[in-house]
Chemist: 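Dropping a structure here in structure tokens format, bear with me for questions.
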Amino acid sequence: MMPEGSTPALSPQGVPYTELSHYINADGQHIFSRYWKPSGSPRALMFIVHGAGEHCCRYDDLAQILTALNFLVFSHDHVGHGQSEGERMTIHDFHIFVRDNIQHLDLMKKQYPDLPIFMCGHSMGGAIAILTVDERPDDFSGLILISPLVLPSPQSATSFKVFAAKLLNYVLPNLSLGSIDPSFVSRNKKEVEAYTTDPLVYHGGMKVSFGVQLLNATSRVEKALPLFKVPVLLFHGTLDKLCDIRGSHVMIDTIQSEEKTLKVYEGAFHALHKELPEVTSSVFQEIESWLQQKLGGTGSSNIV
Ligand SMILES: O=C1CC[C@@H](CCC(=O)N2CCC(COc3ccc(F)cc3Cl)CC2)N1
């Protein structure tokens, strides 16, 4: 029985957190966490960082690829997302996402002290990943970014919208800027359908206050780029309407990393890991060979 008077904390979906893997963040909120373990002993860690409105279980396919390379993959749902606590897609300071990332990183470093750690971020998760690596550059062996949020797209953040958002933030912070158009996420109809029908995805409008935090993030990212030295593998689609591909060109030209690669996919939309088969399989292959090369050797379980 629970101690007198206290009921178990429930996830937004009504599941007791005692039944879910999670950690408690600095604000006392339950953060749902996910772990994909290789059959053999892991040779490296991969920290996956999801984007706005979505959740970490959407990275199952990518995680499977990585566990086959003997990576231990870990991730969590950001505050206000998926199975974590917090008002849906609401944040009063973008740094909270980075703070919670660093807490999870430190938990995993304690458990696996000698393994190299990589990070993979998508979209807003790319901005969170860049800022996390910027704070802990010595903790990471490499950073993979799938259409990261570096510059706001002219579509979603015209200078008027930016001005309006900053002004409105004082009077109507909860006003909706409209929700993400699912057809912008991918050309793959099945993936658009999966996104649209996923109960763990938030489809409500983006609050002005959230948009302002995203702008805050892009300016912090831009300040971090000139000092960035960790190896980077970048992917971006030319028809991405949610995160401007210009951001990836700015990033690849600005960072000081010796090893930096940008792969551009003609005609591809935003979620390249959930795009048409030829795009997504190419992205996964590039990730695999880049990681193998970073870790040296095949690393597959078969003994030669
Ligand atoms: O698989 C998937 C499913 C979801 C998608 C990830 C979505 C994601 O994270 N985005 C896309 C939208 C983008 C809007 O940006 C702004 C809006 C208003 C504003 F005022 C300033 C900015 Cl910058 C932020 C980043 N990928």
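We count ligands from 1, going down the list as the structure has it; atoms in each ligand are counted the same way.
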Chemist: Assess R58 for proximity to ligand 1: is some non-hydrogen atom of it under 4.0 Å away?
Modeler: yes

Chemist: State which residues pass side chain to side chain contact (heavy atoms under 4.5 Å, CB included) with Q256; sequence neighbours excluded, sorted by chain then number.
Modeler: K229

Chemist: Between H104 and H76, which heavy-atom pair has the shortest distance, and what is it?
Modeler: ND1-ND1, 3.0 Å

Chemist: To the closest 0.5 Å, what do you measure between CD (E193) and OH (Y195)?
Modeler: 13.0 Å

Chemist: Going by the atom numbers of ligand 1, which of them fall below 4.0 Å from some non-hydrogen atom of G51?
Modeler: 9 (O)

Chemist: Please work out, at 4.0 Å between heavy atoms, whether the side chain, the backbone, both, or neither of I180 comes within that distance of ligand 1.
Modeler: side chain

Chemist: Would you check if the distance from the ring center of Y17 to the ring center of H22 is below 6.0 Å?
Modeler: yes

Chemist: For ligand 1, is there an atom lying under 4.0 Å from some heavy atom of H122?
Modeler: yes

Chemist: Tell me which one of F184, F210, Y195 gets a heavy atom nearest to atom 3 (C) of ligand 1.
Modeler: Y195

Chemist: So how far is it from L272 CG to D240 CG, rounded to the nearest 0.5 Å?
Modeler: 7.0 Å

Chemist: Could you tell me whether some N/O pair between L242 and ligand 1 is separated by less than 3.5 angstrom?
Modeler: no

Chemist: Can you tell whether the side chains of D60 and R34 come within less than 4.0 Å, N to carboxylate O?
Modeler: yes

Chemist: Give the atom numbers and elements of ligand 1 that come within less than 4.0 Å of a heavy atom of P152.
Modeler: 23 (Cl)

Chemist: Of the side chain and backbone of E54, name the one, both, or neither that has a heavy atom under 4.0 Å from an atom of ligand 1.
Modeler: side chain

Chemist: Which atoms of ligand 1 are found less than 4.0 Å from any heavy atom of A271?
Modeler: 1 (O)

Chemist: Which atoms of ligand 1 sit under 4.0 Å from any heavy atom of L214?
Modeler: 15 (O), 16 (C), 22 (C), 23 (Cl), 24 (C)

Chemist: Does ligand 1 have an atom that lies less than 4.0 angstrom from a heavy atom of M206?
Modeler: yes

Chemist: Under 3.5 Å between some N or O of ligand 1 and some N or O of S123?
Modeler: yes

Chemist: Between N188 and S186, do the side chains contain a donor N or O and an acceptor N or O under 3.5 Å apart?
Modeler: no

Chemist: Quick one: does N70's side chain get under 4.5 Å of P42's, heavy atoms only?
Modeler: no

Chemist: Please list, in number order, the atoms of ligand 1 under 4.0 Å from a heavy atom of G211.
Modeler: 19 (C), 20 (F), 21 (C)

Chemist: Can you confirm, on distance only, whether ligand 1 has an N/O atom lying under 3.5 Å from any N/O atom belonging to M124?
Modeler: yes

Chemist: Give the ring-plane orientation class for H273 versus H122, where under 30° counts as parallel, over 60° as perpendicular and anything between as tilted.
Modeler: perpendicular

Chemist: In terms of atom number and element, which parts of ligand 1 are under 4.0 angstrom from non-hydrogen atoms of L149?
Modeler: 23 (Cl)

Chemist: Do any side-chain atoms of residues 90-97 form donor-acceptor pairs under 3.5 angstrom with protein atoms, and if so which ones, sequence neighbours left out?
Modeler:
{"residue": "T90", "atom": "OG1", "partner": "R88", "partner atom": "O", "Å": "2.8"}
{"residue": "T90", "atom": "OG1", "partner": "K207", "partner atom": "NZ", "Å": "2.6"}
{"residue": "D93", "atom": "OD1", "partner": "H95", "partner atom": "N", "Å": "2.8"}
{"residue": "H95", "atom": "NE2", "partner": "E135", "partner atom": "OE2", "Å": "2.7"}

